[in-house]
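Worksheet: the structure to be examined is printed underneath.
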There are 2 protein chains.
Amino acid sequence: MKQKVTLKIIAKEFDVSISTVSKALKNSNEISEEVREKIKAYADYYNYKPNSLALQLRAQKTSVIGVIIPEIVHHFFSTVIDGIEEHANKRGYNVMVCLSNESFEKEVSNISVLTNGSVDGVIVSIARETQKKEDYNHFEMLLKDGFPLVLFDRIVDSLKCDKVIIDDIGGGFKAANHLLEIGSKRIALLTTEDYITVGALRKVGYRKAMQSAGLEVDEDYVFKINDTKNLYRQIEKIFHLEKVPDAILAVNEIYAAIAMKIAIEKGYKIPEDIAVLGFTSGLISKFTSPPLTAITQHGYLMGQQAAELLINRIEHTGPKEFQKEVISTGIKIRKSTYIGE
Amino acid sequence: MKQKVTLKIIAKEFDVSISTVSKALKNSNEISEEVREKIKAYADYYNYKPNSLALQLRAQKTSVIGVIIPEIVHHFFSTVIDGIEEHANKRGYNVMVCLSNESFEKEVSNISVLTNGSVDGVIVSIARETQKKEDYNHFEMLLKDGFPLVLFDRIVDSLKCDKVIIDDIGGGFKAANHLLEIGSKRIALLTTEDYITVGALRKVGYRKAMQSAGLEVDEDYVFKINDTKNLYRQIEKIFHLEKVPDAILAVNEIYAAIAMKIAIEKGYKIPEDIAVLGFTSGLISKFTSPPLTAITQHGYLMGQQAAELLINRIEHTGPKEFQKEVISTGIKIRKSTYIGE
DNA sequence: TATCAACACGAAAACGTTGTAGTGAATCCA
DNA sequence: TGGATTCACTACAACGTTTTCGTGTTGATA
């Protein structure tokens, strides 16, 4: 690459000092009209732009925020990043994305790389492996130094920092309630293993809804799916129950889509025989047949909120106490639970 | 935030010079065992990490690569980023993602921000608006300075730089050919407007396949969809043709899924009456019913290649001449074109 | 006792920028 | 003519590193 033009080079060109060039380019009236103009012309011609590293080093501020997510090939996380970007840009920040790939080690190393001065703060959604290990030392180190940190979606309560979460309990409740309202009696729950908070919380909501309808939660109707094994085979077990459920509540859209597919193959009519409802994070729900009723998650909003909290923390605007924002879910009713029309 | 510990601070603490501290931490044997150990212990305790801005400024190298994509909420682009990240990390680089949101202005400003020293090179997929305007000045400026730039997917041939593209012509050919092989005679094409290169190229492939089968391309069977208007209404026009096609080739999975949905509503059987095939970039194809046969795109591989080209360019490994890598497509045959078990 | 090497450390430049605090010359006022 | 003021510019520190080139002290050697 060609030498980038710097103040020094321009200064040498016109045989003036570096300060003169700097001031001329900033239109300071300490510098004569004449000198100013020729320097600006030269800088313009050679497309001078101040080196941001130098600026950042001097200002002790990068105007970059780091984001660490478990994976990017996931519609929900993409929407969150989109929201972060939008808000960050509006406030003059850029975004640096790192992926943990659900790995503890990679998360730790990402944190380490990002917090060595390259960013003013970080937003993170914790990796699975970290949640399983329950080792949050890398975060605690940051917080001890007062480094701006915002956790979203996959959070841990014990860490003293700003957080943004989806109202998963509310979502689970809303989901189960909808099924109860359309008359379902035996609602099967397709959820994740317990250590995955999101699944666990949605289950809590489901349980709450069942109880407030005066129904017992039969643990035989709760299926904890292991993502690393064959999904079809695990989900199919729903249909081995003595009394096949009249509704299925899945904590994500993949499980829901698969359950629906199996149900149809087995000759059940949806929603007449079995109603199906999922939590959506992508486009699948819209294109299954029948289209899937789903709890919607507003990742974009979540990203915006996270960015806002972080930048407020960085700039010391906003409250001193740590915030915990809760993003409420929506429900998009489609044909998989809706008879009539 | 608390003051970060620096060499200077440690130096003051032990009343030695900054150089001594720097050398001690690097285990230089210029420094006595004793001094070395106490400095290392202190640094360790206070979690000293060299400031990367300072390192980067000094080394005139950031080990960061910038990526500008039109949007992130798009499975294809996510997979590309994933691939970029993977390769970049392997070679010691970090990734900074910016979104152009298909806007020319934002693309220009992203380029400007990234190339002021914050990254060693950029990978970009050009925004729609830029392609429509045909204004590539911001890229030409970079190339004039020899700044490392890799274009992927949405490229422009006139720019002298490394490129990675999907073999869209081949994909279109492969798609049409598959339909011809299963006996389709009247293949409708659902494509984008002409200025979108990807759609245009896939059409070329479609045309080639038709011609090599000795068939004329009837322009009435080519539908150019405008993404900003109502998709259903535009796609429905397929079924207003005098002779309804016996196959539909869509240049993306959304169009394909919608076409299939409309066909089913109108009582056609898929694939018996009409076979449907799309280009996939997400998970939709897998979960429609019937599942959609699709040309697959290998975004991950594309990302890896792009990163490899870029880093080779940055580090002057690899050939001097600009490369144009072509990623070939695959085809995943599912029930939407496949009769029989 | 003069010479030299080894040892253990410090000074300073460089990366590119900004802003404060000079500085020398011209101009002004009385 | 002497002092103050304005003008147009320069020097320098600072941000945090690394690295090259000193430099003073010690101990050994001839």
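In this text, all values refer to a predicted model and were calculated from it rather than measured experimentally. Reminder, nothing fancy here: chain letters follow the sequence lines and each chain counts from 1.
Taking the side chain as every heavy atom from C-beta outward, B:N89 and A:L99 never approach each other to under 4.5 Å.
Using a 4.0 Å heavy-atom distance criterion, A:K23 is classed as a base contact. Residue A:S19 is in base contact, counting any heavy-atom pair closer than 4.0 Å across all strands shown. As judged by a 4.0 angstrom heavy-atom cut-off over every strand, A:S22 is placed among the base-contacting residues.
The number of heavy-atom neighbours closer than 6.0 Å to CG of B:D15, taken from other residues, nucleotides and ligands shown, is 12 or below. More than 12 heavy atoms of other residues, nucleotides or ligands shown are found within 6.0 angstrom of NZ on A:K38.
Summarising the geometry, the separation between NZ on A:K26 and C1' on C:dT20 is reported as 15 Å, rounded to the nearest angstrom. Between the NZ atom of A:K8 and the C1' atom of C:dC15 there is a distance of 8 Å, rounded to whole Å. To the nearest angstrom, P of C:dA11 lies 13 Å from CD1 of B:I31. Between B:F14 atom CZ and C:dG10 atom P there is a gap of 13 Å when expressed in whole angstrom units. The distance between atom CG of B:L25 and atom P of C:dC9, rounded to the nearest whole Å, is 14 Å. The nearest whole Å value for the distance from the CD atom in A:E30 to the C1' atom in C:dT20 is 9 Å. Note: CD1 (A:I39) to P (C:dT18) measures 13 Å, nearest angstrom.
Boundaries of the chain A contact region on DNA chain D are D:dA8 to D:dG16, first to last in 5' to 3' order (nucleotide atom under 4.0 Å from a heavy atom).
A salt bridge links A:K40 to A:E37: at least one charged side-chain nitrogen sits closer than 4.0 Å to a carboxylate oxygen. Ionic pairing of A:K4 and B:D145 is not present here: no N-O contact between side-chain nitrogen and carboxylate oxygen is shorter than 4.0 angstrom. We find that B:R36 and B:E33 are joined by a salt bridge, their nearest charged nitrogen and carboxylate oxygen being less than 4.0 Å apart.
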Handout entry: Steps toward salt bridge (Lys or Arg N to Asp or Glu O under 4.0 Å) verdict (A:E85, B:K106)
Key = CA-CA 12 Å; A:E85 253 267 338; B:K106 190 121 190 271; 3.6 Å; yes
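The stretch residues 45-62 of chain B comes close to DNA chain C through B:L57, B:R58, B:Q60, each having a heavy atom under 4.0 Å from the strand.
The aromatic rings of B:H74 and B:F77 sit perpendicular, their planes meeting at an angle over 60°, well past the 30° parallel limit.
Between A:F14 atom CZ and A:I9 atom CD1 the span is 12.5 Å, to the nearest 0.5 Å.
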